[in-house]
Protein chains: 2
Amino acid sequence: MKTIHSLHSPLNLKDSMLYSVEAGGKRLRPILMMAAYEAFDDLNDRVVEPAVALELVHTYSLIHDDLPAMDDDDYRRGKLTNHKQFNEATAILAGDALLTAAFQVISSSPHIEAEEKVFLTKELSTAAGPEGMVAGQMLDLEAERQSLSLEDMSQIHLLKTGQLIRFAIRAGAYLAGAKPPQLEAINEYAVYLGLIFQIQDDILDVVGNEEKLGKPVGSDEQSEKSTYPKILGLDGARRKKEEYMEKAYQALKTANVREGILYEFVDYLGNRDA
Amino acid sequence: MKTIHSLHSPLNLKDSMLYSVEAGGKRLRPILMMAAYEAFDDLNDRVVEPAVALELVHTYSLIHDDLPAMDDDDYRRGKLTNHKQFNEATAILAGDALLTAAFQVISSSPHIEAEEKVFLTKELSTAAGPEGMVAGQMLDLEAERQSLSLEDMSQIHLLKTGQLIRFAIRAGAYLAGAKPPQLEAINEYAVYLGLIFQIQDDILDVVGNEEKLGKPVGSDEQSEKSTYPKILGLDGARRKKEEYMEKAYQALKTANVREGILYEFVDYLGNRDA
């Protein structure tokens, strides 16, 4: 990625940042942002920097989440986690650097106006910060080894993974010129999509294929984590997912978006096998 | 501080953020920003949110620097460090939250224009990020137990502490309407001020009063850290500091600022005893 390669940073720090950025995730969030843009207008360079920034924030969150003091994971996407490949200090700093760089990327974009940069900075920092993703990670850590109610568990997901997904979709729609009532409807779509993503994640941890997933299944069972299948049963989780898929389609109709990829995403995320 | 008290965040996260923000530092950076503003215009609300944001970034950096994987400090300003008072996971998240919140504070300010928010976001993220403060912290960790040249050591300080000090002064001057040549001269002042701050820090670690400092002296000697007195001798360090003080005064004359607090800061930071 040009952004990081061109940085004048200490070699280890840069390597560590690149290691995780290039670890090859699904790039779900940038793709969602572009899909939301396309739902309202033809795709355009304006979405490039916001999409990169979002992926940097997501990557930082994975690096910090994997740290020994947090989820203490040794592998991610079939590769050593950042602190295992480098060391803890480097991983902490690489995360800090990626988070900070995200705001540098947005504010330096040559493709969008000042008002748009301010909107995106405000929305991204709100989604990722102490009332958003970080709050979700905190609640998630506190909930370890506890049985949660469906409501409390959903709240954690809405914050921990849902907020960045919501940002992806809102930002794309906003940049493409969606009007306030459309933004509201698309926001609802985004919330359901995040929940669908999480339910399917939980389902795959029970019935998924380890090779396709690139991670061991059954880890939720082992960690005594609250999941949709544990609270609702496997069938109940599937029904909940289908209910949310229906609601996501409804929200798209209300938002009156173009046919296409946002519709397909509901099925793609709801029925993915990895 | 209103900003954090009013957040809808998990209690532990909020407590941990507040603990460090309210730990009562010198507030050097916000004060410098206000002083730089006053050097060009009468003080004004416009500087409030940028100053708060800067202090949040500074506070996050202290929390992460103190972590076991980093400098592993148990006390800061005479109080337990954040991870000792709470735990490591909470301290990592509190730091992440404060860093993110800084960009929320700037982008939400009711007192400044979109163009100004973009300027500040860009400058702050550059100063704090992978080419700025985080780079300095990385180099500092790598330099532990090594004898550095004067040049390498200065480079670390310019990044690790100098960049935020530079931002403080540039941001204040910019918001007060300083013109490009003035901004350049004030930038030079800021670089020297950062170095003066660091040299005096190193000198105080040799000859300072533990009670006034709120931390043990002689810790640099113990940690085999490269310092100005070690490289230049105590007298040499003092002479270097005086040389930089003279250059800082010169830069202020070139910037043609109002008489007053920016001048006084040179003496205050150069001759402080805590």
Side-chain angles (χ1 to χ4, degrees), chain A residues 4 7-10 12-14 16-17 57 60-61 64 67-71 83 87-108 113-126 128-139 141-142, chain B residues 4 7-10 12-14 16-17 57 60-61 64 67-71 83 87-108 113-126 128-139 141-142:
Chain A
I4 298 173
L7 286 175
H8 294 281
S9 298
N12 260 329
L13 179 63
K14 204 155 136 173
S16 168
M17 293 167 75
V57 171
Y60 121 75
S61 78
H64 281 193
L67 286 168
M70 312 276 270
D71 295 351
H83 65 274
N87 60 42
E88 259 186 81
T90 307
I92 294 169
L93 290 174
D96 292 345
L98 289 168
L99 170 58
T100 314
F103 296 103
Q104 216 175 340
V105 168
I106 290 176
S107 56
S108 308
E113 303 297 318
E115 291 286 357
E116 293 170 324
K117 291 175 182 180
V118 171
F119 176 92
L120 294 168
T121 301
K122 192 169 166 178
E123 295 261 325
L124 179 56
S125 57
T126 305
E131 299 182 300
M133 183 179 69
V134 173
Q137 177 63 2
M138 185 81 222
L139 293 173
L141 285 171
E142 290 177 349
Chain B
I4 298 174
L7 287 174
H8 294 281
S9 299
N12 260 330
L13 179 63
K14 204 154 135 172
S16 168
M17 293 168 75
V57 171
Y60 122 75
S61 77
H64 281 193
L67 286 167
M70 311 275 270
D71 295 351
H83 65 274
N87 60 42
E88 258 186 81
T90 308
I92 293 168
L93 291 174
D96 292 345
L98 289 169
L99 170 58
T100 315
F103 296 103
Q104 217 176 341
V105 168
I106 290 176
S107 55
S108 308
E113 303 299 320
E115 291 285 359
E116 293 170 324
K117 290 175 182 179
V118 172
F119 176 92
L120 294 168
T121 301
K122 191 168 166 180
E123 295 261 326
L124 179 56
S125 57
T126 305
E131 300 183 297
M133 184 178 69
V134 174
Q137 177 63 3
M138 186 79 221
L139 293 173
L141 286 171
E142 290 178 347

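Lettering of chains follows the sequences in order, A, B, ..., and the numbering in each one begins at 1.
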Please classify the contact between L120(A) and chain B as side chain, backbone, both or neither, with a heavy-atom cut-off of under 4.5 Å. neither
Residue E142(A) versus chain B: region with a heavy atom under 4.5 Å: side chain
If I measure from the heavy atoms of chain B, does Y60(A) come under 4.5 Å with its side chain, its backbone, both, or neither? side chain
Check whether L13(B) gets within reach of chain A through its side chain, its backbone, both or neither, counting any heavy atom under 4.5 Å. both
Apply side chain to side chain contact (heavy atoms under 4.5 Å, CB included) to the pair D71(A) and Q137(A), showing each step before the final yes or no. CA-CA 10 Å; D71(A) 295 351; Q137(A) 177 63 2; 3.9 Å; yes
Contact check, side chains of L98(A) and V57(A), non-hydrogen atoms, under 4.5 Å: no
Highest number of heavy-atom pairs under 4.5 Å with chain A: which of A101(B), S125(B), S108(B), A94(B)? S125(B)
Please verify the inter-ring angle class for F103(A) with F103(B); under 30° counts as parallel, over 60° as perpendicular, anything in between as tilted. parallel
Verify, without hydrogens or angle tests, whether H83(B) (side chain) and T90(B) (backbone) share a donor-acceptor contact under 3.5 angstrom. no
Flag side-chain contact, heavy atom, 4.5 Å: P130(A) against Q104(B): yes
Heavy-atom side-chain proximity of M17(B) to L7(B) below 4.5 angstrom: yes
Side chain, backbone, both or neither: which part of L93(A) has a non-hydrogen atom closer than 4.5 Å to chain B? both
I106(B) versus chain A, heavy atoms under 4.5 Å apart: side chain, backbone, both or neither? neither
Do you know which of L124(B), N87(B), L141(B), D96(B) has the most heavy-atom pairs under 4.5 Å to chain A? D96(B)
Non-hydrogen atoms of chain B under 4.5 Å away: do they reach the side chain of H8(A), the backbone, both or neither? both
Do other residues, nucleotides or ligands put more than 12 heavy atoms under 6.0 Å from K122(A) NZ? no
